[in-house]
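The structure under discussion appears below in the form of structure tokens.
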Amino acid sequence: MQEIKKDMYLIDKAELLQVIMEKKNALWRLCQICCSFPKAENHYEVTYSFANGYDFANYRLIVEKDEDVPSISRVYKSAIYYENEMHELWGLNVENIKVDLHDKLYRIDVETPFIEKEDK
Amino acid sequence: MEMLVTALICLPFLWAILPAVIHNSKCRAFFVYLGCGIVIALSVFTAVKWYLAGGQAMDFDLPYKEAFDHVILVGDIFLMCLITYLSFKYKKGVISLLAIVQTVLVAALELFGPKVKELPALHFDWLTFVMILIIGVVGSLIGIYAVGYMHGYHIHHHKELTDRRSFFLAMIFVFFGAMFGLVFSQSLIWLYFFWEITSVTSFLLIGYTRTDEAINNSFKALWMNLLGGCGIAAAIAIGVLLYQNVNLYDMIKIAILSKYMGISTTLCLVPIACLAFAALTKSAQFPFSGWLLGAMVAPTPSSALLHSATMVKAGVYLLIRISVAMADNYVGNMVALVGGFTFLAASCLAISVSDGKKVLAYSTISNLGLIVACTGCGYEETIWAAVFLVIFHAVSKSMLFQCVGAIENTTGSRDVEDMQGLISLFPKLAVVLMIGIAGMFLAPFGMLISKWAALKAFIDTTSVYVSTLMVLFICFGSATTMFYWTKWLSKILGASGKEKSRDLTKKNEYISMFFHAIMMVALILGFPWLSSHVLKPMSNEMFGTDVQVISYQNIIIMIVLLVGVFVIPAINYVLTKNTKAKQVITYMGGANCGDNFNFVSSTGDPKEMHISNFYMEDIMGEKKLFTPAIMVSTVIIIVYMIIVIGGAF
Amino acid sequence: MGKRSIVPYGPQHPVLPEPIHLDLVLEDEKVLAAIPSIGFIHRGLESLTSKKDFNEMVYVAERICGICSYMHGMGYCMALEDIMNVEVPRRADYLRTIWCEMSRLHSHLLWLGLLADGFGFESLFMHSWRLRENILDMFEASTGGRVIFSVNTIGGVLKDMPNDMLKEFVKKLDDMEKEIRETTSIFLNDYTVKSRLVGVGILTGEDAIRRGAVGPMMRASGISVDMRKNGYAAYNDIDFDVITSNNCDSYARCEVRIGEIFQSIDIIRQAVAKIPDTEINTKVTGMPNGESIIRVEQPRGEAFYHVRANGTKFLDRFRVRTPTFANIPALTQTLQGCQYGDVPLLVLTIDPCISCTER
Amino acid sequence: MGQFLPFTKQVLKNLFSEPATTQYPFVPKEYPERTRGHVDINKDQCILCGMCMRSCPPGAIKVDRAGKTWTINRFDCIQCGYCVEKCPKKCLSITPGYQEPGPEKFTYSVEVPYEPPKPAAKPAAAPAANAAAPAQPQA
Amino acid sequence: MSTIHKSPWLLHYDGSSCNGCDIEVLACTTPVYDVERFGVINTGNPMHADIFLITGGINSQNEAVVKQIYEQMPQPKVVIAVGTCACTGGIFKECYNIKGGADTVIPVDIYVPGCAARPESIIDGVVKGVALFQEKAAALKASEKAN
Amino acid sequence: MVTERIISAVLYVLLAPFVIGLLDGFDRKISARMQGRRGPSVLQPFFDLKKLFEKEFLTANKAQLFMIRSYLVFIVLSGVLFFGGFDILLVVFSLSTAAMFLILASTSTHSPYSAQGTHRELVQIMSCEPMELLVAVGFYLAIGTFNVNEIVKTSISPIAFLPGFFVGFVFILTIKFRKSPFDIATSHHAHQEVIKGVTSEMVGKEYGMVTLAEWYENAILLGIVGLFFLNSNPVSIVGAIIAILVVWFLEILIDNTSARVKWQLMLKLAWGVTIVAAGMNLLLLEIIRG
Ligand code: SF4
Ligand code: SF4
Ligand code: SF4
Ligand code: SF4
Ligand code: SF4
Ligand code: SF4
Ligand code: SF4
Ligand code: SF4
């Protein structure tokens, strides 16, 4: 784990579940999961944000294009929406989402609109 | 006449042997049809003959009365032994005690007790007239229906059960005989015998399938009915010991006269109270409703039989008989309150169930409650209403049970929820069902007329709180009654997305239902005639007066309403048939998939829509209401019995 | 299937001003399961970053939602100001605070009206919206727009409110306060209203956290978190308490929001009293490069603006996580076991803004 | 429990007092001066630079340098005022009075008198009309 | 004399709007603007509606919904697109999930521009729509007679 | 005498829609004013009705139309019975038969909202029916007849004996008029969970007929209110009209000052009020009669 800026930590996939469990047990609330794909870097950045009272912490995972990320929806139910969204809009594979809507969260015609075809 | 009546009572018993011994199903069917035909013909002939003879009440004896007396004594003991044997066989020995106590009591009194006054054994009057027609016609039609139904039941659906159809059909005939005997008997001892036969027969019919549930329920029916039998036995005992008289009609007269003669009024009421108690058990009033509900495990024809023409009608018959002795006294109050309460409670409970047969069962209990309440009031109007209800109820209930049975055979379910859109899937069955339902509650059929008369009579009842309570019971009960029937009706008339399938109903089932439907319509149309030519003399006979219960004007209105119920929609149907209309899909907030039965679900796929009725299980559920209802009614009965008996001694 | 109904609810439905669809499984009218679906308003506006430059995005951000439009614009600007290290003039901070609180006022009054409409109290709905019109008039007088203001810019605000205008607003608010108090007391005291709110849609504090609820939804479950306490804009100069309630039901949510109405009026008063006379914006030059996460307290709760810039005029990522999005899991929890008639009410108690949820 | 019908007082008060309803459209609405109704151009100052066209978020403005027209689709404009801010000559303004609804989406277009080499200094003759009546349909 | 124009019932559906126009539509029914003066009732049900007010653009998910609702409205009917989004797609027209204004799926009779469309605009739109409604009713009657 | 009754019934058939429609128009105006709005013209209900009959006819199930017509005919029939001075108990029965046609019309479409509305409508009927029957009982107790024609000939207005019944009846009128807090099955404004409930699938003339039937029904209900005040003295007619107007205003006021409650509470309240108000009154009357 490495702090890249205030309240923002870089973690790797192995650390993810441990971090999540820690947060859950300490009654932190999941604020959001943000997926982005900076073109210059050519990889996904998945950011998990947590808050507890006024404390705030973000954990960032770097994910390669064809890599999977584990789902945290079994720990945080509300992650279902974020994870389905990541898959539907960004084409990021999330393993084992508790309620997998199979790209029907938003029923859109465009496939993974945030990633251009040739990138994928 | 004597011969006819004797035949009417004895023939079914003897005929019962035929299906019992014939095992070829075609041949057996023939004899059952023939037997039913004979019973119908005989009962109608007897009734018509009596009617044409002027409709005078008559007392008469059977030939060889002595012999019959002995047969009855032996029969009583045989029934006791049978019950004892079966109870021990199924480890319910305690129940046999009930049978032993009462039979021993009656037998002992008969053999060793004081000599009782000799009187003719049988009696024929207007009430008997109505009853034999109901038993003969409705009962026999059920018999005809049973042949086809039981065939399907064993051959197609319940291959796992032992085929005891011979036994089943035989029992049906036994039932007829017992019922005929019951309505003719003048002597309580005879009445008691036939009463016990119906109890035992129904017990055997309920246990027909011999599943655990069936056996449990049949014993439940047995002990409740035996408890009622105890009531009659007690009445006999009092009659023998106090008055040396076991004549039902004399007891009623004594009870009425006592009012005017200043003799210990309450003492004369005790036998009446005992009889009333017996009748309450048989007519499945709370707290004794359990047995009738349990009776549904039996194949449908037996439910139809128990609910409509026989069994429960025995109780109601007895109550109507003794009603004149119950006017404005504690026994009457008890009966009225129990009936009124049952009317309300059972109709509430009917709301919470979705099994079609169970709804019918609760509605039977509820309807009987209204009848019972009417008899408890004991006024001309209420008796008038009660008899009307008995007639309507018999026909429409029998029809409804047959129809639900046929639906179950055809669609595989008797759940009301599964009858969505029956009108488009099986229009014939649906129409029968609808006529039956209409007969049960729609203005201006049976219920309405009876409610009208009952309300009026109860307002006039002397006891202030009984009157108030009864009015409330009826007002609330009729609201709940409307609820469960309407929701059923709306299910049938809804739209259905299912594919049409083949109607498996047998022809003879249809014949029976068809006759019922005709009878229903005939009754409705003939209701003014019925009122003036049957019910008026009846009331004259019972009360010595013949007031016009319902005004001529109101009869006209009812006819108008009634014609309206059929004719107005029919005219409108014709008028609107050719209206130009653009077909649209139903409104589902924009989520309609295009066919009224599916919608676009949250996951984007079509999902089947299902619309279920209200059942209000949180408010009116069996779990919530059943036990309290039993407790309330038990308290009513106990309190009043204490008042009546305590007052007597 | 038996005694259960399976029916659709929405997307087009008059009690719901916005389309949301639920699959409901009912027994009588008891909701045994409710599965929401979102996406009827999904536009994909986050993707506009690749087509519109970061300045134009201010106007896109404002139109994430028309109800707290102002705060969306502001949140976005704050994120870019953070990335570009722009110091916003103090007066602009105060003006932003005032507009924020006016937005909260109008939003809460709007919500009260919709709630009243949801439980069939038409005159109360009319009354709440009539009160709200006063706020809209103030908006129009100060920004030129009734619902979408376009006064934010990166580096400050575009329009000033002269001091006498502010004074007049405060006076108007003073007048309104009494009327609002009378109206809101109906929500809190009327027998029929209480029969619809009390004990309906329980969400315990722990559930609120587990499901990630925010804003009044969370505060009504007894959890005291209000992003304004982080002190953005001028909130660090203002004295206010976080309003919470421990009842955890719909009534509590109503209570919290009503409390916030008066709190907003108070904050506006304080801000007007303290507002300094400075510039209202600083000129911003150059291209943004960097990343920032800004959280602001909208009427509906904490909103998230995650902006990632790469040194060009087109942003890499602009992500909004709006309060309603966060509250949907909590909503599904409260719908469980409620009555059919409570469904619109419970949907309303999260004060839904599907528009921003689906972006 | 709660109170019974506490709203009665307010309701009766409303019943017997003047309703809050405005008389629009029978009485025209007076807008506050800041109201952002529609975008107007002072065509004499425009230099057809196209800045407004490039900055308009929904792309409502078309500037045709060759044809010397400035065109706005008022059914597309979101009254954000970004063009006003961006215009180097400050010849755009956003003024009260909105585009009237209609059965057709039409554009509004003005001929810009600007001559590239020499700055034009013609006196403003007619353009005032544009401000009063927001738009006229064009074929 | 036909009085049909005195009873225009509205149906409001929010396409992909930002809410701005929706709350203005709703504001029209509240005391200050009170469109019920013109006999307007905001029914929730297409089967009862005469005028379809649609706000926001069309996306792939609400396309079918809008079409369905439109078809469930009995003739004569008028469609009013309220707000820039509903007219053209507005600021969102370049989003991947916006197909354009309401006229991409159903015929629009009146366009009410504005972002957000002002209540006064909406009232004007409705008044124009009502006039059109009257015309369409007359046309419908004429065509019925012709048949 | 007979001619009078015929005239009154004919007048009912001809005038009821106009009178009630106008009352409805005033209702909307007053409601609007109570909400601080200007509101529509008082003739608005007639404009609405006329329009409904002019709209194109769409239907999801053809069976609906004839059921609705039957509903209308039955309501009118009940009204004729009432204003023709016949048995009031039969009027109540006939009204509930009519209601059944409405229910069947609504469920015949298999639509989620009208189904939900229908179930609620059924609950409403169940909530009101005891009270309606009790009103008839009350008149019988007070005057000794169910016959409307004879009730109006009494020397003292029935209200003197039936205050409890009156209170109970006014209470359920809120349900019958589909007013808040009991507008649960169909509401006059559609912002509710079941949309337009029972009438959701009724288009154009179907909806028009239901509206018309509602007007006819309201005339009967207000007639019953008036019946409480009528006696053999012709002046009592004025009293009855005033009573009707007061009750009608009260209903508007209640409509505008309460939230819609849930059906469970409605059932509880309606039955509770029926038992307490009417039940007590009933008991007292019974005691007085001995
Ligand atoms: S369909 Fe009926 S008869 Fe056949 S198996 Fe099932 S329950 Fe038995
Ligand atoms: S419904 Fe009848 S058969 Fe079924 S379990 Fe109950 S009692 Fe037994
Ligand atoms: S009722 Fe049920 S358990 Fe009994 S025999 Fe029929 S199917 Fe079998
Ligand atoms: S009720 Fe239960 S046991 Fe019966 S079919 Fe349904 S799931 Fe099976
Ligand atoms: S929740 Fe979202 S859409 Fe709703 S008002 Fe707030 S920011 Fe706007
Ligand atoms: S106001 Fe905004 S939308 Fe309108 S033309 Fe100017 S930049 Fe374009
Ligand atoms: S209006 Fe202004 S920005 Fe637009 S072309 Fe003319 S000068 Fe340039
Ligand atoms: S036109 Fe503007 S206010 Fe209306 S929905 Fe579109 S973006 Fe929102």
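In what follows, chains carry the letters A, B, and so on, assigned in the order in which the sequence lines appear, proteins first and then strands, with residues in each chain numbered from 1.
Listed here is the closest heavy atom pair of D:P101 and E:P113: CA-CD, 4.0 Å.
The environment of D:K89 atom NZ is sparse: at most 12 non-hydrogen atoms of other residues, nucleotides or ligands sit within 6.0 angstrom.
Chosen from E:S121, E:C87, E:G90, the residue pairing most often with chain D at heavy-atom distances under 4.5 Å is E:S121. When the candidates E:G129, E:P31, E:C85, E:C115 are compared by the number of heavy-atom contacts under 4.5 Å with chain D, E:C115 comes out ahead.
Proximity to chain D involves both the backbone and the side chain of E:I110, based on heavy atoms less than 4.5 angstrom apart. Both the backbone and the side chain of E:D124 have a heavy atom closer than 4.5 Å to some heavy atom of chain D.
Distance check, rounded to the nearest 0.5 Å: NZ of E:K93 to CG of D:D76 gives 3.0 Å. To the nearest 0.5 Å, atoms OG1 (E:T84) and CD1 (D:I78) are separated by 7.5 Å.
Residues D:K105 and E:D103 have side chains in contact (heavy-atom distance under 4.5 Å, counting atoms from C-beta outward).
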